[in-house]
Amino acid sequence: MNTATSQSPMAMGRVTGVFARAEAWLDERGTGAWIAAMVLGFIFVWPIGLAILAYMIWSKRMSNSSCKSMTRSRARHMGKSSGNSAFDAYKAETLRRLEEEQDNFEAFLERLREAKDKAEFDQFMDDRAKKMTDVDDENTGPAPA
């Protein structure tokens with residue numbers, strides 16, 4: 001007698017392994033569960049902890065996904081209208097002004113870097129010219145009498 005139903009993994013044509021189920025279980029609980037599993041692995045059998053750490057790094061589970069989602073949600077809300085035209089105009093003007101200030105600041109930093117590079121290069125060339133003059137003076141020596 002076959003008791004397999006349409007919801008059973010065998011009926012779907014694939015069998016989920018212990019590792020796949022454990023991975024799914026840990027993913028449901030978040031990064032904290034992965035870290036706890038890794039620490040417990042290190043405590044009880046250190047190669048297991050090392051394997052979990054390697055897997056977490058390889059599968060990029062250590063990266064902060066909430067930061068990525070915040071950036072996406074912020075970008076999604078930037079173009080939306082609030083329904084208040086005065087506020088929307090103020091927001092657009094403020095964002096334009098901030099972008100202009102950022103561009104000006106980046107241009108200032110570039111000019112500052114160029115000035116520093118030029119000063120360092122001029123110092124190098126002056127030191128080099130001074131060394132060349134000193135070497136020429138040593139090689140010539142006193143004039144014969």
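Heavy atoms only: backbone and side chains are in, while hydrogens, waters and symmetry mates are out. Since this is a predicted model, take the numbers as computed values, not measurements.
Linking ILVMFWY side-chain heavy atoms closer than 4.5 Å, directly or via other members, places L40 and W25 in a single hydrophobic cluster. At a threshold of 4.5 Å between side-chain heavy atoms, the hydrophobic network of Ile, Leu, Val, Met, Phe, Trp and Tyr places F44 and V39 in one connected group. F19 and L50 sit in two unconnected hydrophobic clusters of ILVMFWY residues. Membership requires side-chain heavy atoms under 4.5 Å apart, directly or through other members.
The closest side-chain heavy-atom distance from M125 to F121 is below 4.5 Å.
Across D88 and G83, no two heavy atoms sit closer than the pair OD2-N, 3.9 Å.
Remark: D103 CG to L98 CG distance equals 11.0 Å, nearest 0.5 Å. Atom CG of residue N104 and atom CD of residue E101 lie 7.5 Å apart, to the nearest 0.5 angstrom. The CD1 atom of I57 sits 12.5 Å away from the CD1 atom of I52 when rounded to the nearest 0.5 Å. From N84, atom CG reaches atom NZ of K91 across 11.0 Å, with rounding to the nearest 0.5 Å. I35 contributes atom CD1, which lies 10.0 Å from atom CG of L53 (distance to the nearest 0.5 angstrom). Atoms CG and NZ, from D134 and K131 in turn, are 9.5 Å apart once rounded to the nearest 0.5 Å.
Every salt bridge (charged side-chain N to carboxylate O under 4.0 Å, His left out) that E93 has, sequence neighbours left out, goes to R96.
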For residues 110-117, dump all side-chain donor-acceptor pairs below 3.5 Å to protein atoms at least two apart in sequence or in another chain.
{"unit_1": "E110", "atom_1": "OE1", "unit_2": "R113", "atom_2": "NH1", "d": "3.4"}

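No more than 12 heavy atoms of other residues, nucleotides or ligands shown are found within 6.0 angstrom of CZ on R128.
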